[in-house]
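Step one of this worksheet: look at the structure below.
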Amino acid sequence: MMVLLVGYVIVINIVGFTLMKVDKDKARKGKYRIQEKTLWNTAILGGAIGSSIGMNLFRHKTKHRNFKWGMPVLAYVEGVIWLYLLWKLS
């Protein structure tokens, strides 16, 4: 069970990180963008840490108040939840 949880956490955070990169690249090129709903859904499903890292690394969505403050708060909450679950399962 713990292997599945760790695998899920890693994959969903890589997805969140990648979506921020892809959306930033599309924004620079003026192409069709990834919906904010998709970015938030990925974060809510456990990818907020990767999304937050990507957001700050690529300087993407950092002027949007809901992303600037909401994503790091969600990342912190998810980090606490992940650590608690890992502790309980070990």
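- Note: K88 NZ to L83 CG = 14.0 Å, rounded to the nearest 0.5 Å.
- With rounding to the nearest 0.5 angstrom, the CE atom of M20 is 10.0 Å from the OG1 atom of T62.
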Problem - Worked verdict on D25 versus K21 for salt bridge (Lys or Arg N to Asp or Glu O under 4.0 Å) - result: CA-CA 6 Å; D25 290 344; K21 172 68 171 149; 3.2 Å; yes
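- Applying the side-chain contact (heavy atoms from CB on, under 4.5 Å) test to Y76 and every residue at least two apart in sequence or in another chain returns V80.
- Of the inter-residue distances, the one linking N66 atom CG with K61 atom NZ reads 8.5 Å to the nearest 0.5 angstrom.
- Using modelled atom types, no side-chain atom of N13 and backbone atom of S51 make a donor-acceptor pair closer than 3.5 Å.
- How far CZ of F17 is from CE of M55: 12.5 Å, rounded to the nearest 0.5 Å.
- In this structure, CG on L19 lies 10.5 Å from CG on N41, to the nearest 0.5 angstrom.
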Exercise for the section: Walk me through it: do H60 and F67 pass the test side chain to side chain contact (heavy atoms under 4.5 Å, CB included)? Expected result: CA-CA 9 Å; H60 188 53; F67 278 90; over 6 Å; no
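- Within the 4.5 Å cutoff, the side chain of Q35 has no heavy atoms near those of the L39 side chain.
- A 4.5 Å side-chain heavy-atom check between W82 and L5 finds at least one atom pair inside the cut-off.
- Under the 3.5 Å distance criterion, the side-chain polar atoms of S52 are left unmatched by any main-chain donor or acceptor of I49.
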Exercise for the section: For L45 and Y8, run side chain to side chain contact (heavy atoms under 4.5 Å, CB included): C-alpha distance rounded to whole Å, both residues' side-chain angles, the deciding distance at 0.1 Å, then the answer. Expected result: CA-CA 10 Å; L45 290 173; Y8 177 79; 3.7 Å; yes
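- Remark: K24 fails to qualify as a cation-pi partner of F58 under the 6.0 Å distance and 45° angle criteria applied to the six-membered ring.
- Counting only distance, with no hydrogens or angles, the side chain of D23 and the backbone of I34 share a donor-acceptor pair below 3.5 Å.
- Both M1 and I10 are assigned to one and the same hydrophobic cluster, defined by single-linkage of ILVMFWY side chains at heavy-atom distances under 4.5 Å.
- Enclosure of atom NZ in K68 is not indicated, since only 12 or fewer non-hydrogen atoms of other residues, nucleotides or ligands lie within 6.0 angstrom.
- Nearest approach of A43 to M71, heavy atoms of both residues: CB-SD, 3.5 Å.
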